[in-house]
Participant: 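Structure in structure tokens, see below.
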Amino acid sequence: MIIGISSFCWQCFNETSKTKEDYEELKKELNSEIDFEVELNDENLYEFICPKNHRSLTQLQEQKFEILFDIASLALIDGYTKEAVSSYSSSLERFIEYCILIFSLKNSVTIESFIKTWKQMANQSERQLGAFLILCLQEGISNRIEESRSTFRNKVIHKGYIPSSKEAIDYGQYVMAFIQNTLKDLNRTSYEYLQQAMHIHLTKNGDKVPENVRLANASMPTILSLRSIQDQDYGNISLIDALNSVKENGFYKHFYRKKIQ
């Protein structure tokens with residue numbers, strides 16, 4: 001999956017008088033109206049080297065579960081139902097990890113202790129699910145896990161079952177409602193720690209950035225959109241409506257560099 005990131009170089013700009021005219025001139029010089037194309041990656045660091053050989057890095061503000069949900073939805077739009085179910089499932093798993101982090105922060109667990117403990121369960125989804133269920137019970141948050149959905153997911157991923165479009169949409173709708181409704185619960189009961197988790201996501205790449213290399217944040221449109229969680233109608237749109245919106249959404253066509261028909 002190819003995405004577009006800014007091709008504007010702030011180091012070049014810092015070498016000017018930093019006026020509005022300098023900014024506009026540099027935009028033209030770098031042709032920065034056209035974004036630089038990079039491949040979406042797991043590290044969430046995207047490198048751009050300008051014509052003067054200045055190196056800059058960009059990271060996305062969106063959480064992994066948000067991006068995975070979009071990848072699933074784009075696969076579904078293209079007719080890849082098995083791949084869509086797999087990515088929807090991955091989105092749900094990464095959201096469960098995100099929730100466990102929020103609950104841990106709320107209970108005064110340091111991020112270092114969380115990472116150390118998580119490594120012991122990182123490859124065991126059943127342990128993660130068990131931890132999530134107990135924490136939801138303690139926090140008074142609804143348990144939205146449906147056993148039949150896990151059975152369907154395992155059938156697709158482990159037994160090679162090829163789901164119909166209807167089955168894939170139905171599963172995606174389940175994951176979408178699960179995540180959005182749980183986020184609304186967290187926004188209501190644990191807003192401070194929800195914000196802390198977002199901050200951790202934005203700062204965790206700090207030690208990977210070489211000295212004198214600028215790290216910028218970029219944002220892209222996502223269906224789940226944590227940025228929209230305060231909206232009164234958050235979570236009211238169906239997956240079908242979201243998929244239809246994506247097909248016509250200019251922001252998606254701008255950031256996700258693939259043809260969306």
Side-chain angles (χ1 to χ4, degrees), residues 1 40 42 44 60 62-77 80-104 114 118 121-137 139 141-159 161-187 189-190 193-194 197-198 201 220-229 234-243 246:
M1 175 69 72
L40 194 64
D42 193 68
N44 192 29
L60 298 176
E62 283 65 38
Q63 302 289 331
K64 184 179 282 187
F65 70 84
E66 296 178 85
I67 294 173
L68 284 168
F69 193 91
D70 274 18
I71 290 174
S73 298
L74 293 172
L76 189 51
I77 287 171
Y80 300 108
T81 57
K82 191 174 190 300
E83 290 75 10
V85 169
S86 176
S87 291
Y88 280 137
S89 174
S90 294
S91 174
L92 180 58
E93 289 176 354
R94 297 289 59 78
F95 176 68
I96 285 173
E97 177 184 358
Y98 186 68
C99 289
I100 294 173
L101 170 61
I102 291 169
F103 295 145
S104 299
F114 174 83
W118 184 262
M121 55 198 292
N123 297 321
Q124 296 173 299
S125 57
E126 289 300 318
R127 283 188 179 184
Q128 297 170 26
L129 179 59
F132 173 74
L133 291 175
I134 291 298
L135 288 168
C136 281
L137 181 64
E139 291 292 324
I141 289 180
S142 297
N143 172 12
R144 297 182 171 94
I145 295 292
E146 297 177 9
E147 188 60 36
S148 62
R149 305 291 186 174
S150 299
T151 301
F152 171 74
R153 175 258 187 203
N154 292 337
K155 185 178 177 182
V156 171
I157 294 177
H158 298 304
K159 297 185 178 180
Y161 179 72
I162 300 174
S164 66
S165 295
K166 182 179 182 303
E167 289 175 312
I169 291 170
D170 184 54
Y171 183 75
Q173 178 64 56
Y174 159 71
V175 173
M176 181 179 179
F178 184 106
I179 292 176
Q180 289 182 328
N181 287 325
T182 305
L183 280 174
K184 286 193 286 188
D185 284 346
L186 291 172
N187 187 56
T189 64
S190 309
Y193 307 99
L194 189 64
M198 292 180 189
H201 174 68
M220 61 201 309
T222 57
I223 293 172
L224 294 176
S225 187
L226 269 170
R227 290 177 296 155
S228 303
I229 198 171
Y234 182 76
N236 290 343
I237 188 174
S238 70
L239 179 59
I240 285 290
D241 287 340
L243 295 176
V246 164

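Throughout, residue positions are numbered sequentially from 1 according to the sequence presented.
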Participant: Given Ser73, which partner from the list Leu243, Leu68, Ile169 fulfils the side chain to side chain contact (heavy atoms under 4.5 Å, CB included) test?
Facilitator: Leu243

Participant: Heavy-atom distance under 4.5 Å between the side chains of Ser225 and Thr222, does that happen here?
Facilitator: yes

Participant: If you measure from CG on Leu186 to CG on Asn181, what distance do you get to the nearest 0.5 Å?
Facilitator: 11.0 Å

Participant: Evaluate the side-chain proximity of Thr81 to Val156: yes if any heavy-atom separation is below 4.5 Å, no if none is.
Facilitator: no

Participant: Between His201 and Leu60 (side chain of the first, backbone of the second, donor and acceptor by atom type, cut-off under 3.5 Å), is there such a pair?
Facilitator: yes

Participant: Are any of the side-chain heavy atoms of Arg144 and Asp185 separated by less than 4.5 Å?
Facilitator: yes

Participant: Which residues pass the ring pair (Phe, Tyr, Trp, His ring centres under 6.0 Å) test with Phe114, sequence neighbours left out?
Facilitator: Trp118

Participant: Please round to the nearest 0.5 Å and tell me the distance separating atom CD of Glu83 and atom CD1 of Ile71.
Facilitator: 12.5 Å

Participant: Taking all non-hydrogen atoms of both residues, which atom of Pro221 and which atom of Arg227 are closest, and how far apart?
Facilitator: CA-NH2, 4.2 Å

Participant: Rounded to the nearest 0.5 Å, what separation is found between the CD atom of Glu146 and the CZ atom of Phe152?
Facilitator: 12.5 Å

Participant: Does any N or O in the side chain of Ser90 come within less than 3.5 Å of the main-chain N or O of Ser86, such that one atom is a donor and the other an acceptor?
Facilitator: yes

Participant: Look only at the side chain of Ser91 and the backbone of Ser87, and say whether a donor-acceptor pair between them is shorter than 3.5 Å.
Facilitator: no

Participant: If you define the side chain from C-beta out and look only at heavy atoms, does anything of Phe69 sit under 4.5 Å from Val175?
Facilitator: yes

Participant: Indicate yes or no for a side-chain donor-acceptor contact from Ser104 to the backbone of Ile100 under 3.5 Å, with no hydrogens or angles considered.
Facilitator: yes

Participant: Can you confirm whether more than 12 heavy atoms, excluding those of Asn123, are under 6.0 Å from its CG atom?
Facilitator: no

Participant: Where does the angle between the aromatic ring planes of Phe95 and Phe65 fall among parallel (under 30°), tilted (30 to 60°) and perpendicular (over 60°)?
Facilitator: perpendicular

Participant: Enter the distance from Ile179:CD1 to Ile96:CD1 here, rounded to the nearest 0.5 Å.
Facilitator: 8.5 Å

Participant: Apply ring pair (Phe, Tyr, Trp, His ring centres under 6.0 Å) to Tyr193 and list each qualifying residue two or more places apart in sequence or on a separate chain.
Facilitator: none

Participant: Side chains of Ile229 and Leu194: does their closest heavy-atom pair fall under 4.5 Å?
Facilitator: yes

Participant: Any side-chain heavy atom of Glu62 sitting closer than 4.5 Å to one from Asp70?
Facilitator: no

Participant: Kindly indicate whether the side chain of Tyr88, heavy atoms from C-beta on, has any atom under 4.5 Å from the side chain of Leu239.
Facilitator: yes

Participant: Can you check whether Ile240 reaches Gln173 side chain to side chain, under 4.5 Å on heavy atoms?
Facilitator: no

Participant: Check the orientation of Phe132 and Phe178. Use parallel for under 30°, tilted for 30 to 60°, and perpendicular for over 60°.
Facilitator: tilted

Participant: How long is the straight-line distance from CG of Leu76 back to OH of Tyr171, given to the nearest 0.5 Å?
Facilitator: 13.0 Å

Participant: Using a cut-off of 6.0 Å, state whether more than 12 heavy atoms not belonging to Asn143 lie near its atom CG.
Facilitator: yes

Participant: Tell me, please, which residues at least two apart from Glu147 pass side chain to side chain contact (heavy atoms under 4.5 Å, CB included).
Facilitator: Ser150, Thr151

Participant: Sorted by first residue and then second, give each salt bridge (Lys or Arg N to Asp or Glu O under 4.0 Å) pair with at least one member in residues 162-178; sequence neighbours left out.
Facilitator: Arg149-Asp170

Participant: Side chain to side chain contact (heavy atoms under 4.5 Å, CB included) with Asp241: which residues, sequence neighbours excluded?
Facilitator: Ile237, Ser238

Participant: What distance separates Phe103 CZ from Ser190 OG, expressed to the nearest 0.5 Å?
Facilitator: 6.5 Å

Participant: Going by side chain to side chain contact (heavy atoms under 4.5 Å, CB included), name the residues that satisfy it together with Gln180, two or more places apart in sequence or in a different chain.
Facilitator: Met176, Leu224, Tyr234

Participant: Restricting to non-hydrogen atoms, name the atom on Gln63 and the atom on Ala197 that form the minimum distance, rounded to 0.1 Å.
Facilitator: NE2-O, 4.1 Å

Participant: Taking Glu97's backbone N and O only, do any of them form a donor-acceptor pair with Gln128's side chain (distance below 3.5 Å, no angle check)?
Facilitator: no

